[in-house]
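Letters A, B, ... mirror the listed sequences (proteins, then strands); counts begin at 1.
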2 protein chains.
Amino acid sequence: MAKHGTLPPLYYPAQEEITVEGVLRALADPVRLAIVRQLAASDREISCSGLTVPVTKSTITHHLSILRQAGVVAGRQEGTTRFNSLRRTDLDTLFPGLLDGVLAAPR
Amino acid sequence: MAKHGTLPPLYYPAQEEITVEGVLRALADPVRLAIVRQLAASDREISCSGLTVPVTKSTITHHLSILRQAGVVAGRQEGTTRFNSLRRTDLDTLFPGLLDGVLAAPR
DNA sequence: GTCGTAGTTCGACAGTCACCGTACTACGCC
DNA sequence: GGCGTAGTACGGTGACTGTCGAACTACGAC
């Protein structure tokens with residue numbers, strides 16, 4: 001077989017596959033909302049360990065996979081680190097105002 | 001005691017008590033999203049039995065109570081009928097763009 | 001090679017949730 | 001009064017979900 005060190009082929013929905021309900025479900029959790037807020041606030045990519053949420057590593061992985069499958073975040077692998085970023089343009093195109101409305105909320 | 005025919009004192013959150021997470025949770029369900037869409041589309045009050053969703057009466061009551069407690073819908077009693085409406089101005093004030101973003105989405 | 005770090009995967013478990021049927025209250029009409 | 005309709009309350013059940021720890025892979029540095 002080919003090289004052994006291939007990245008796991010993570011599934012990312014195409015823009016037209018993203019659904020409102022999936023996005024709402026993904027955002028309807030305090031931990032995931034905190035992750036999205038941090039990604040939006042820094043406006044930079046953040047690694048898993050760079051996120052400050054009160055759960056363990058495996059739970060962060062779980063939440064990120066949900067956000068990824070919903071089309072909310074994208075990830076870029078670099079060595080052993082995965083840098084996560086918001087798919088802001090995709091979301092703004094599909095659901096204009098949604099993300100801003102969520103992020104602008106004080107709570 | 002007073003008159004017997006008092007309405008049940010339903011709890012409605014004040015505008016400043018509405019949270020994004022609560023609203024997102026409330027919207028993150030296909031049945032409730034359908035209810036909200038119908039309320040937004042008709043731009044009129046709709047009774048429980050006027051909603052077309054594929055669940056029984058008791059389940060509709062359950063979903064409406066969730067939407068009510070989240071601050072998404074309001075209800076006006078008239079006889080035995082409860083007319084439900086979207087709290088659009090409250091939501092637009094707190095989370096500008098959120099509701100429109102959700103409703104504008106094709107799916 | 002060895003070690004440490006970054007993430008993922010895999011059960012497992014507790015809590016929540018959507019759903020239903022039934023029983024009940026409240027109102028309007030005959 | 002009795003009956004039908006609108007909606008709520010309650011109890012139960014199956015499914016999903018958020019959480020963890022432990023085991024595992026992958027990469028980089030020494």
| task | Check whether any side-chain N or O of A/S47 sits under 4.0 Å from OP1 or OP2 of C/dG7, and answer yes or no. | result | yes
| query | What is the distance, rounded to the nearest whole Å, between atom CD1 of B/I60 and atom P of C/dC20? | reply | 9 Å
| field | N/O (side chain, B/S49) to phosphate O (OP1/OP2, D/dG7) under 4.0 Å | value | yes
| said: Rounding to an integer number of Å, can you tell me how far A/R76 CZ sits from D/dC27 C1'? | reply: 15 Å
| Could you state the CG-P distance from A/L67 to C/dT8, rounded to the nearest angstrom? | 12 Å
| side-chain contact (heavy atoms from CB on, under 4.5 Å) involving B/S58 - partner list, sequence neighbours excluded | B/T56
| request: Name all pairs fulfilling the side-chain hydrogen bond (donor to acceptor under 3.5 Å, both in side chains) condition that reach into residues 28-41 of chain A, sequence neighbours left out, sorted by first residue then second. | output: A/R32-A/H63, A/Q38-A/T52
| field | Residue-phosphate contact under 4.0 Å: A/T80 side-chain N/O, C/dA6 OP1/OP2 | value | no
| query | Of all heavy-atom pairs between A/G71 and A/R87, which one has the smallest distance, and what is that distance? | reply | O-CD, 3.3 Å
| remark: note: A/Q77, atom CD; C/dA6, atom C1'; distance rounded to Å ~ 9 Å
| field | B/R68 CZ - D/dA9 C1' separation (whole Å) | value | 12 Å
| said: Please determine whether a side-chain nitrogen or oxygen atom of A/R82 lies at a distance below 4.0 Å from atom OP1 or OP2 of D/dA26. | reply: no
| side chain to side chain donor-acceptor pair (under 3.5 Å) involving A/E17 - partner list, sequence neighbours excluded | A/Y11
| note | Separation of D/dA6 atom P from B/I46 atom CD1, nearest Å, is 15 Å
| said: Using a 4.0 Å heavy-atom cut-off, does B/S65 contact any base of the nucleic acid, only the sugar-phosphate backbone, or nothing at all? | reply: nothing
| field | Partner set under side chain to side chain donor-acceptor pair (under 3.5 Å) for B/R44, not counting sequence neighbours | value | none
| request: Measure the distance from CG on B/L27 to P on C/dA18 and round it to the nearest whole Å. | output: 12 Å
| Which pairs count as salt bridge (charged side-chain N to carboxylate O under 4.0 Å, His left out) when at least one residue sits in residues 55-73 of chain B, sequence neighbours excluded? | none
| message | Tell me the interatomic distance from A/N84, atom CG, to C/dT8, atom C1', rounded to whole angstroms. | response | 13 Å
| query | Does A/I66 belong to the same Ile/Leu/Val/Met/Phe/Trp/Tyr cluster as A/L51, with side-chain heavy atoms less than 4.5 Å apart forming each link? | reply | no
| remark: Reading nucleotides 17-23 of chain D from 5' to 3' and marking B where a protein heavy atom lies under 4.0 Å of the base, S where only the sugar-phosphate is that close, and - otherwise, the string is -BBBBB-
| If you look at every strand shown and take non-hydrogen atoms under 4.0 Å, does B/T61 touch a base, only sugar-phosphate, or nothing? | base
